[in-house]
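Worksheet for the structure shown next.
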Amino acid sequence: MVTAKYKALDITAEKVADGKPATVFGIMNDLIANTGDLRGVFVSDPITAQAVSQAVSKRRQTTRSI
């Protein structure tokens, strides 16, 4: 339904975490590694948002050092 309304939006994955930052971090690392054109992520709480931002930050540091 969301993709019908927003034509440029693709749902890459619908993954549910258990609320633990380590789980979210792992899921996010997998998404970053396996989705070359990932441009956004929706999260529903501050703990998840922090884990996602840590994964993105780590990825940026890794790609800059290569």
Side-chain angles (χ1 to χ4, degrees):
M1 186 162 127
V2 173
T3 55
K5 184 175 180 182
Y6 302 100
K7 305 272 190 250
L9 179 69
D10 290 327
I11 306 297
T12 302
E14 292 183 38
K15 297 194 176 200
V16 179
D18 56 7
K20 296 178 183 172
T23 305
V24 176
F25 187 78
I27 289 172
M28 203 52 220
N29 279 329
D30 289 343
L31 284 173
I32 291 170
N34 297 315
T35 311
D37 63 347
L38 184 65
R39 291 186 271 161
V41 177
F42 172 80
V43 296
S44 58
D45 63 83
I47 292 171
T48 303
Q50 183 176 10
V52 167
S53 68
Q54 288 173 346
V56 170
S57 176
K58 180 181 178 199
R59 179 64 175 189
R60 285 185 180 161
Q61 290 172 357
T62 303
T63 33
R64 286 184 186 162
S65 64
I66 294 176

### Task
Report the residues that fulfil side-chain contact (heavy atoms from CB on, under 4.5 Å) with Ala55, sequence neighbours left out, ordered by chain and then residue number.
Phe25, Met28, Asn29, Ile32
## Note on the structure
Residues passing the side-chain contact (heavy atoms from CB on, under 4.5 Å) test with Asp18, sequence neighbours excluded, are Lys20, Thr23
### Task
Provide the closest heavy-atom pair for Ala51 versus Pro21 in the form atom of the first, atom of the second, distance.
CB-O, 3.7 Å
Please set out all donor-acceptor pairs under 3.5 angstrom arising from side-chain atoms of residues 41-50, sequence neighbours excluded.
residue : atom : partner : partner atom : Å
Asp45   : OD1  : Ile47   : N            : 3.1
Asp45   : OD1  : Thr48   : N            : 2.9
Asp45   : OD1  : Thr48   : OG1          : 3.1
Asp45   : OD2  : Thr48   : OG1          : 2.9

